[in-house]
Amino acid sequence: MVIDYSSPNVAKRMHIAHLRSTVIGGAIDSLHRYLGWRVIADNHIGDWGTPFGKLIVAWNGWRDDAHFAEDPLGELQRLYESFKGKAAEEPALEDLARAETAKLQAGDPVNRALWQRFVEISLAEFDQLYARLGIRFDVVHGESFYADELTELVDELIEKGIAEVEETGAVVVRFDPSEGKGLGKSPMLVRKKDGAALYATTDLATVRNRIRTWSPQQIVYVTDLRQKLHFRQVFAGARRWGWGETAFEHVTFGILRFPDGALMSSRGGRVIRLAEVLDAARDRALELVRAKSQDLSDQEQQAVAEAVGVAAVRYFDLSQNPSSDITFDWDRSLALDGNTAPYLMYAHARCRSILRKARNTTLGPLRLEDDVERQLALLASRTPEAIQMAAASWRPNLLCEHLYALAQQTARFYEQCPVLREGVPDDVRASRLALVRATAVSLSEGMKILGIQPVERM
RNA sequence: GCGCGGUUAGCUCAGCUGGAUAGAGCGUUGGCCUCCGGAGCCAAAGGCCACAGGUUCGAAUCCUGUACCGCGCGCCA
């Protein structure tokens, strides 16, 4: 299975709307790896096209070297955004940008070098965030990777009769209504009248390359639902090409909004940086760790705070059904109590605490006499089922829900079923200890799939 | 106009391959540490599941329609 997720654009900072694809995609990725799939995670970054012409114009025209030295990506983003403002007043800039884009695509060494630098700066920052989030890709083939084969690909589409040339010179793929509801009225443009390719073209080239390279059973895309039509077209185009052996899946998720309903997007201007949210989450967690866990060393406190903070942010996103829009709220996404990642981590840490203290006690066969422990055993035993359900329906939130129920039951068990206290008969103790261990394993395996790092103490 | 989503408690959301009195968190109110970790536990209040039909022994869940909200629909990605 090839899975395509995260896919940020170069020269822009990742903001929390990017978190959705990254975190949901990452969870779907690890769910399938856990179930034995061979998964190739491919980060299809936006590193090509007209934005770079604009960026080069802005770079040459009005860059701030001092700002660039201290915050490279911030300066690139500022330049890109300022281009829009200036171009609105001075339309000639758009022509300049087109010219710079053309030069870049033709291989002009100066523009190529600049582009290379922009990409490297962006990737460096993305990698830092991926490291914090525990995300790893097998390959990073951005759009530029396919740039050289697009002309040939469109020519071949025309040759095979898949696409047709219009009078203007533009090339489109026209669909029959039988290829999908509504597709008959929505042709897919693969070449502009000026000869340039578009993102549908790149996506077709990407499909072709993935099939040639890995012959996957399945190719999965994780993007927001606004791209639904686009991918339906790409998939229908791919089937025309004869790539129907491969199953295509578009996992969509809803839009991130502010509480007042405003959209969060680079376009709208109102964004919250992902790094800023992760930092805030870590800081809030650190405050709590310092108050609650004074027995941990300063270094351990820092590590736990980072794990707890990142997990809280991830879980906020993962625990909601991908298909619905979500509202970003600082307090809720950074919450450390209630239905949150720290709650799962806490339940796990309490199990670990018992197991540490019980080092020399033997684990026995299960004797489930109390209703609370019976329920706990039942829930723990259903974890594999929850993992399968979550994978099959592309909904990591199902696993979140299961783990939360398991953690809740763990807390009840902890209150009501003593394990190591005096007076607990040996056979009951041995049974409960085995149950605690099974629970700890279920929780930690499940959390790891969700990218939540279980800790021994917190 | 066509297409795709959505509408469940004060707020944020689960539950959607149909199944028992519709769940959780937050918030509100009231309890629980001589006891393995209180980032916790117990309890209460709070819902004609947008509306109207249909299918079914049974519908928040499936079908049809309506209303409202959001998104998308060739030369950006």
Side-chain angles (χ1 to χ4, degrees), chain A residues 7 9 44 46 48-51 54 143 166 168-174 180-200 202-203 223-230 232-233 252-255 257 259 261 263 266-267 285 288-289 291-293 295 308 312 316 319-321 323-329 331-333 335-347 349-358 389 392-393 395 397-398 400-401 404-405 407-408 410-424 429 432-433 436 457-458:
Chain A
S7 312
N9 290 324
H44 189 68
W48 201 243
T50 53
K54 297 176 182 178
E143 293 168 350
E166 297 195 325
T168 58
V171 179
V172 298
V173 178
R174 292 192 184 283
K181 197 176 174 187
L183 281 190
K185 293 181 176 172
S186 306
M188 171 169 65
L189 191 64
V190 292
R191 177 183 286 167
K192 298 196 278 186
K193 62 185 172 193
D194 69 2
L198 293 101
Y199 76 135
T202 307
D203 277 332
T223 80
D224 73 74
L225 57 80
R226 285 176 293 192
Q227 298 194 50
K228 193 86 187 167
L229 176 61
H230 165 68
R232 287 181 65 208
Q233 292 174 328
T252 57
F253 52 83
I255 298 162
R257 298 174 177 288
L263 237 61
S266 320
R267 272 189 325 179
L288 190 63
V289 173
K292 299 279 184 181
S293 309
D295 51 321
V308 166
F316 167 74
S319 61
Q320 303 190 43
N321 188 326
S323 72
S324 47
D325 289 353
I326 68 173
T327 305
F328 179 81
D329 177 78
D331 275 332
R332 248 170 44 76
S333 58
L336 304 172
D337 59 356
N339 186 354
T340 62
Y343 182 88
L344 306 185
M345 296 171 77
Y346 184 66
R350 297 217 283 191
C351 290
R352 294 300 313 161
S353 175
I354 292 176
L355 292 167
R356 271 197 310 275
K357 293 192 166 103
M389 287 288 291
S393 59
R395 278 183 299 168
N397 69 299
L398 294 182
C400 293
E401 205 172 328
Y404 181 65
Q408 275 183 314
T410 304
R412 287 186 199 112
F413 170 85
Y414 195 91
E415 299 281 330
Q416 291 181 40
C417 302
V419 180
L420 303 176
R421 285 183 202 161
E422 280 187 38
V424 178
R429 172 173 300 163
R432 287 183 175 168
L433 210 48
V436 168
R457 297 191 293 171
M458 61 187 280

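Just so it is clear, the structure is predicted and the values come from calculations on it, not from any experiment. Order of the sequence lines fixes the chain letters, A, B, ..., with proteins taken first and strands second; residue numbering starts at 1 for each chain.
In this entry the distance linking CG of A:L198 with P of B:C76 reads 7 Å, nearest Å. When rounded to the nearest whole Å, the span between CD of A:Q416 and P of B:C33 equals 15 Å. Going from atom CZ of A:R257 over to atom P of B:G70 covers 8 Å, rounded to whole Å. Atoms CG (A:L229) and P (B:G3) sit 12 Å apart, rounded to a whole Å. In this structure, A:Y346 atom OH and B:C36 atom P are separated by 11 Å, rounded to whole Å. Here the P atom of nucleotide B:C75 and the CD atom of A:Q233 are 12 Å apart, to the nearest Å.
Taking atom P on both nucleotides, B:U64 is separated from B:G46 by 37 Å, rounded to a whole Å. Comparing B:G58 with B:A39, their C1' atoms are spaced 43 Å from each other, to the whole Å. B:U17 and B:U7 have their C1' atoms separated by 23 Å, given to the nearest Å. With both ends at atom C1', the span from B:C62 to B:U56 equals 10 Å, rounded to whole Å. Atom C1' of B:G15 sits at a distance of 8 Å from the matching atom of B:A60, rounded to the whole Å. One C1' atom belongs to B:U55, the other to B:G70, and the distance between them is 30 Å to the nearest Å. Going from the P atom of B:A43 to that of B:G25 covers 11 Å, rounded to whole Å. Separating the P atom of B:C33 from that of B:G38 is a span of 12 Å, rounded to the nearest Å.
If you check every strand for non-hydrogen atoms under 4.0 Å, A:C351 touches nothing. Contact annotation for A:K357: backbone-only contact, meaning every heavy-atom pair under 4.0 Å involves sugar-phosphate atoms and none involves a base. Using a 4.0 Å heavy-atom cutoff across all strands shown, A:Y414 reaches at least one base atom of the nucleic acid. Within the 4.0 angstrom heavy-atom criterion, base atoms lie near A:T168. Across all strands shown, A:M188 has no heavy atoms under 4.0 Å from either base or sugar-phosphate atoms. Among the heavy atoms of the strands, none lies under 4.0 Å from A:A347. Backbone-only contact: A:L225 has heavy atoms under 4.0 Å from sugar-phosphate atoms and none from a base. Across all strands, A:A170 comes closer than 4.0 Å to base atoms (heavy-atom distances). As judged by a 4.0 angstrom heavy-atom cut-off over every strand, A:V289 is placed among the base-contacting residues. The residue A:R232 sits close only to the backbone: its heavy atoms come under 4.0 Å of sugar-phosphate atoms, none of a base.
At a threshold of 4.5 Å between non-hydrogen side-chain atoms, the residues A:L433 and A:I354 count as touching.
When both pairing distances are held under 3.5 Å, B:C4 makes a Watson-Crick or G-U pair with B:G70. As the counterpart of B:A52, B:U64 is assigned, both hydrogen-bonding distances of the Watson-Crick or G-U wobble pattern falling under 3.5 Å. Here B:G10 sits opposite B:C26 as a Watson-Crick or G-U wobble pair (both hydrogen-bonding atom distances under 3.5 Å). Figure legend. B:G47 is base-paired to no nucleotide; pairs are counted as Watson-Crick or G-U wobble with both atom distances under 3.5 Å. When Watson-Crick and G-U wobble pairs are counted only if both distances are under 3.5 Å, B:C76 pairs with no nucleotide at all. In this entry B:G58 has no Watson-Crick or G-U wobble partner, no candidate having both defining distances under 3.5 Å. Remark: B:A20 base-pairs with no nucleotide; criterion is Watson-Crick or G-U wobble with both hydrogen-bond distances under 3.5 Å. The partner of B:C41 is B:G31, by the rule that a Watson-Crick or G-U pair needs both atom distances under 3.5 Å.
Tested against A:R232 for a side-chain contact (heavy atoms from CB on, under 4.5 Å), the candidates A:M188, A:K181, A:Q227 yield a single pass: A:K181.
When the nearest nucleotides of RNA chain B are assigned to A:D194 and A:Q408 by heavy-atom distance, the more 5′-ward of the two goes with A:Q408. Of the two residues contacting RNA chain B, namely A:V172 and A:E415, the nearest-nucleotide position lying further toward the 5' end is that of A:E415.
One finds a side-chain N or O of A:R412 lying less than 4.0 angstrom from the OP1 or OP2 phosphate oxygen of B:C42. Applying the 4.0 Å criterion to OP1 and OP2 of B:A39, one finds that A:K292 has a side-chain N or O inside that range. For B:C76, one of the phosphate oxygens OP1 or OP2 lies less than 4.0 angstrom from a side-chain nitrogen or oxygen of A:K192. Applying the 4.0 Å criterion to OP1 and OP2 of B:G5, one finds that A:K228 has every side-chain N and O outside that range. For A:R350 and B:G38, the shortest distance from a side-chain N or O to OP1 or OP2 is below 4.0 Å.
Taking 3.5 Å as the limit, the base of B:G5 and the side chain of A:R226 contain no donor-acceptor pair of atoms between them.
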Would you list the protein and nucleotides 8-18 of chain B atom pairs, both N or O, that sit under 3.5 Å from each other?
residue	atom	partner	partner atom	Å
B:U12	O2'	A:R332	NE	2.8
B:U12	O2'	A:R332	NH1	3.1
B:U12	O2'	A:R332	NH2	2.3
B:C13	OP1	A:T327	N	3.0
B:C13	OP1	A:T327	OG1	2.8
B:A14	OP1	A:N321	N	2.8
B:A14	OP1	A:N321	O	3.4
B:A14	OP1	A:S324	OG	2.4
B:A14	O3'	A:N397	ND2	3.3
B:A14	O2'	A:E401	OE1	2.5
B:A14	O2'	A:E401	OE2	3.1
B:G15	OP1	A:R395	NH1	3.1
B:G15	OP1	A:N397	ND2	3.2
B:G15	OP2	A:N321	ND2	3.1

